[in-house]
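Notes follow once the structure below has been shown.
The basis for the numbers below is simple: all heavy atoms, side chains too, and nothing from hydrogens, waters or symmetry mates. Counting begins at 1 with the first residue of the sequence. Atoms within each ligand, like the ligands themselves, are counted from 1 in listed order.
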Amino acid sequence: MSHAHPAHAAHAAHVHAAHAAADLPALLDLDAEVLGAYLPAVTAWTAEHVADVRTVVDLGAGTGVGARALAEQFPEATVLALERAPAMLARLEAILAGALAGRLEVVDADLDAAWPALGPVDLVWAASSLHEVTDPARVLAQARDLLHPGGAVVVVEMDSLPWFLPDDVGAGRPGLEARCHAALAAAGWNAVPDWAPVLTGAGLEVVARRQFPVQVGPGAAHAEEYARATLQHQRRALDGVLAAADLAALDDLLADHGPDAVLAGERLTVHGSRVAWLARRP
Ligand SMILES: C[S@@+](CC[C@H](N)C(=O)[O-])C[C@H]1O[C@@H](n2cnc3c(N)ncnc32)[C@H](O)[C@@H]1O
């Protein structure tokens, strides 16, 4: 087994991080276009538990896919979208002028630093962002302090990476995507903890937890684009952690744009799953 020179490994990690950051806004939007059926499902489930929602805070709002779904579910509500990444803030600013004009406020804020004055609010939404902050317990305690009594925090996470490939892709050993996911998990991807004890520790009462699986296709709009973007994104992290034969098989799949390609949209079924926790301020 060969080992990368530390300087090369550091450079590779830096290049991966730079690519990952550049890819992320487009990937978030593609994910919502293809697997976004979970969004109205989670917001409708939220509405079963929280009445009269007038103000929502979206922590780490990204490109605004959650903020949009929340504004649709709660037509009386203003959504405050908190974000710190310039590329995400630019996307959020771009949707301000659309159908959400007057309903969405973009707040340039770092959740790891002091928050701007915001509260009180009825709902705090943290989708795929809580695992990114330095101190999730502190963020949840601040979220609790923002809430009216009876208001709720909803934490949403991906409980599995999206899934595109059949077990047997027609070349190499079966189980390629499972091995990719295992290698990514070993590299720390998608390590989502159980947020229930952290929510409880922040003084919130966990009311419900639910999974939201989604399956789409074949022939779903943007599915091929999403699959290729996701697998390319993963591929950049797999150098040196996935066996050479599997890397070659993945590269072959990505290079094949023919009518019978495994990644051709007409053949592709996409699976995804989210898990959500809902906790109330007593
Ligand atoms: C994986 S994305 C999820 C975006 C969006 N919530 C969604 O569901 O598509 C995580 C987002 O959290 C943001 N984020 C992470 N840490 C943050 C922090 N300390 N302050 C503000 N935003 C943060 C990132 O910039 C990114 O946009």
Side-chain angles (χ1 to χ4, degrees), residues 16-43 45-46 56-73 79-95 100 104-116 118 121 123-143 146 153-162 184 188-193 195 198 211-212 214 222 226 229-230 233-234 236-237 272-278:
H16 171 66
H19 272 299
D23 285 354
L24 195 57
L27 268 180
L28 292 178
D29 283 344
L30 277 170
D31 175 74
E33 276 170 44
V34 177
L35 292 177
Y38 79 88
L39 282 162
V42 184
T43 60
W45 174 74
T46 301
V56 182
V57 176
D58 183 358
L59 302 179
T63 59
V65 299
R68 268 191 292 244
L70 289 159
E72 275 165 32
Q73 178 67 49
V79 181
L80 307 172
L82 264 69
E83 187 41 73
R84 70 169 175 187
M88 303 295 183
L89 287 164
R91 297 240 181 173
L92 287 166
E93 296 285 348
I95 59 174
L100 292 186
L104 180 68
E105 288 177 27
V106 179
V107 184
D108 180 351
D110 183 348
L111 296 166
D112 293 327
W115 295 12
L118 294 169
V121 306
L123 179 63
V124 175
W125 175 271
S128 301
S129 55
L130 199 56
H131 67 261
E132 293 194 8
V133 302
T134 306
D135 186 352
R138 189 185 65 82
V139 165
L140 288 178
Q142 284 193 259
L146 280 183
V153 173
V154 173
V155 177
V156 185
E157 297 279 7
M158 266 190 188
D159 59 341
S160 86
L161 292 172
L184 292 168
W189 280 44
N190 228 38
V192 173
W195 289 119
V198 193
Q211 279 176 299
F212 295 86
V214 178
H222 303 293
Y226 175 53
T230 302
H233 181 71
Q234 295 178 1
R236 282 192 274 273
S273 183
R274 253 60 175 200
V275 57
W277 295 259
L278 189 143

Would you confirm whether Thr43, through its side chain, and Pro40, through its main-chain N or O, come within 3.5 Å as a donor-acceptor pair? yes

Test your reading of the model: is there a side-chain donor-acceptor pair from Ser273 to the backbone of Asp159, 3.5 Å cut-off? no

Taking Arg138 for the side chain and Asp112 for the main chain, is one N or O donor matched with an acceptor at less than 3.5 Å? yes

Can you pull the residues with any heavy atom under 4.0 Å from ligand 1? Leu28, Gly60, Ala61, Gly62, Val65, Glu83, Arg84, Ala85, Met88, Ala109, Asp110, Leu111, Asp112, Ala127, Ser128, Ser129, Glu132

Is the ring pair Trp189/His233 parallel, tilted or perpendicular, if the boundaries are 30 and 60 degrees? tilted

Rounded to the nearest 0.5 angstrom, the CD-CG distance for Glu105 and Leu92 is 12.5 Å

Give a yes or no on whether a salt bridge exists between Arg68 and Asp58, defined as a side-chain N under 4.0 angstrom from a carboxylate O. no

